[in-house]
Amino acid sequence: RRPCVVRAKRAILVKARHRATLVPYSIAFSFNARSVPREGRSLTTARAPSLAGATLTLLWGGALAQLLPLLLGPVVARLFTPAAMGVFTQFTTIAAALAVAASLRYEQALPLALDDSDAAALLALALRLVAGAVLVSVPLAWALHAAGWLPLPALLPLAMACSGLLQVLMLWANRAQRFGALAISRVAQYGGAALGQVLLGWLLWQGAAAGREGAWALVLAPMAAQLLAMAWLLRPAPAGGWRALLAPAAPALRERMGAMARQHKDFALVNTPHAFLGTLQDALAVALLVAWSGEAAAGFWGLALRYLKAPATLVGSAVSQALYPRLAAASADEAPRLVRQVMALLAVPALGLMALLVVAGPWLFERLFGAPWREAGELARALAPYIAAHFVAAPLAVVTMAWDAQRWAFRLALVGQALFVAALAIGLMQGGLIGGAWAVSAVMVPYFGWYFWRLARWPQVPARQVGA
């Protein structure tokens, strides 16, 4: 048993002096679980699936999850007008920007917790933060509505609760390597949202597509689907069950939650602003579009980006969820090579997607969604270079998390977000909606190119330490 223990110790990296622990639980899977006494086993002593196996499991789930929205999208586009889609886009971008910070990103540290008690404390902390964020969102919703930023303010607290709980439970299932459950939940989330939008749109049909007054149906259906998706993510239950975890915290649990909050403070202080500003970029972009070109333009933007980013969402989410634990467990020499391989593999479909959009984007959107949506195809053509670069970049967000480079990534993201919003604003003023899209592509492709070059030649990948 001694060699197994040594290999397990070599697999664990702990950053000292209250810095975030960077190695996920799955690193401990490098030794045989049968060498551990049965009473000493935990979620972290099961055999890990391979990177390829985990990716394929998540990929088929993601593919099926995206298939229904992609197939039903043309139906939804005929049931709702571009103005209704614009209201939906405006609401969802604001809600997403707020929901991503609901738990201060502490759930992202769940895969890094090697001890089950630490993981349970992180889970309890994240759930309590989500509850607090829902309460804060009630007055915030009406303030944003009064300022003209948020339509349908009564639905914001529900959106915060659904999104916040789902993202916490997804990371809880990720820690347990329940990739099958994650795949099924994604099908329920995305497929259920599309089916719900079609059903509600059909009920609202009055001989013509529903306008902005029917946008509530587009907003409510995804929330119901998120609630359904959570059903597959409730196992394994934390020690003592969910009721014990959600009850008023005992002093020991409060102390451990405080310790976990301090140990993983970078997720709250660095990763949360990073993620918030990333989603805020989308909210600001939609606000600019509504101000300069109206709700219909926001509808074109929302529909185009939903379809253009679907491949990145599908592939990126599957690759990143499988890459994160593997990357954190890799040696200092192996990790950069793994990142370069992922970038090279993703570049091939990214370039193919860009070529298709440039050649046939307007024709495809008109055929799929009807003549009123041809302008969304023109928008897709102009955004094609940006979308190709984003396709490659999407899964690489976990690289800086694994390499203890969140502060660097945050600073770089601030630059990128400022460039994106500035390019869109200048392009809208000079050339309208399509001019704004071409300006975004012209600015963001060099930005992503430098990002890829920097990751491929990262100077200081954390070395694996031998624990005592």
Side-chain angles (χ1 to χ4, degrees), residues 57-93 95-96 99 151-152 154-156 158-167 169-170 173 180-234 299-300 302-315 317-318 364-365 367-370 372-373 376:
T57 300
L58 293 167
L59 196 57
W60 76 255
L64 189 56
Q66 294 292 335
L67 183 62
L68 277 174
L70 292 177
L71 291 177
L72 295 178
V75 180
V76 174
R78 287 168 170 80
L79 291 172
F80 296 92
T81 65
M85 195 68 71
V87 173
F88 169 64
T89 302
Q90 192 175 9
F91 178 91
T92 53
T93 52
L152 306 173
L155 294 178
L156 182 63
L158 180 59
M160 291 283 288
C162 293
S163 296
L165 289 174
L166 182 59
Q167 65 192 21
L169 291 176
M170 286 179 67
L182 282 167
I184 295 172
S185 72
R186 291 177 70 189
V187 175
Q189 179 187 355
Y190 294 107
L195 286 171
Q197 288 175 335
V198 170
L199 176 60
L200 292 175
W202 178 76
L203 292 174
L204 291 173
W205 180 263
Q206 304 262 337
R212 69 183 317 276
E213 69 282 352
W216 64 267
L218 290 169
V219 172
L220 195 60
M223 296 183 201
Q226 287 175 326
L227 290 172
L228 178 63
M230 294 179 204
W232 282 272
L233 305 177
L234 296 175
F300 293 138
L303 182 76
L305 286 187
R306 181 188 302 182
Y307 272 78
L308 297 182
K309 289 190 175 182
T313 301
L314 166 62
V315 177
S317 179
L364 283 173
F365 273 74
R367 287 285 181 176
L368 287 172
F369 306 108
W373 294 94

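Throughout, numbering of the chain's residues begins at 1 and tracks the sequence.
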Checklist entry - For the residue pair A229 and A188, what are the closest heavy atoms and their distance? => result CA-CB, 4.0 Å
Checklist entry - Closest approach of L79 and V198, non-hydrogen atoms and distance? => result CD1-O, 3.6 Å
Checklist entry - Which pair of heavy atoms, one from G73 and one from F369, lies closest together, and at what distance? => result C-CE2, 3.8 Å
Item to check | Straight-line distance of T92 OG1 to L155 CG, nearest 0.5 Å | outcome: 12.0 Å
Item to check | Summary of side-chain hydrogen bond (donor to acceptor under 3.5 Å, both in side chains) pairs that have at least one residue in residues 193-205, sequence neighbours excluded | outcome: none
Checklist entry - Taking T93 for the side chain and Q90 for the main chain, is one N or O donor matched with an acceptor at less than 3.5 Å? => result yes
Checklist entry - Of all heavy-atom pairs between S163 and A99, which one has the smallest distance, and what is that distance? => result CB-CB, 3.6 Å
Checklist entry - If you measure from OG1 on T89 to CG on L303, what distance do you get to the nearest 0.5 Å? => result 8.0 Å
Checklist entry - At their closest point, which heavy atom of A193 faces which heavy atom of P222, and how far apart are they? => result CB-CA, 3.7 Å
Checklist entry - Tell me, do L227 and M230 make a side-chain contact under 4.5 Å, heavy atoms counted? => result yes
Item to check | Approximate separation, where rounding is to 0.5 Å, of M223 CE and L166 CG | outcome: 13.0 Å
Checklist entry - What's the spacing between L152 CG and L218 CG if we round to 0.5 Å? => result 10.0 Å
Next on the checklist: Applying the ring-ring contact (aromatic ring centres under 6.0 Å, His included) criterion to W373, which one of Y307, F300, F365 satisfies it?
Outcome noted: F300
Checklist entry - Do V187 and L68 touch side chain to side chain, with heavy atoms closer than 4.5 Å? => result no
Item to check | Least distance between heavy atoms, A84 atom then A215 atom | outcome: O-CB, 3.7 Å
Item to check | Nearest-0.5 Å distance, CG of residue L204 to CZ of residue F80 | outcome: 5.5 Å
Next on the checklist: Could you tell me if the side chain of L182 sits less than 4.5 Å from the side chain of M170, heavy atoms only?
Outcome noted: yes
Checklist entry - How far does CG of L220 sit from CG of L158, to the nearest 0.5 angstrom? => result 7.0 Å
Item to check | Within residues 74-93 or reaching into it, pairs that qualify as salt bridge (charged side-chain N to carboxylate O under 4.0 Å, His left out) - sequence neighbours excluded | outcome: none
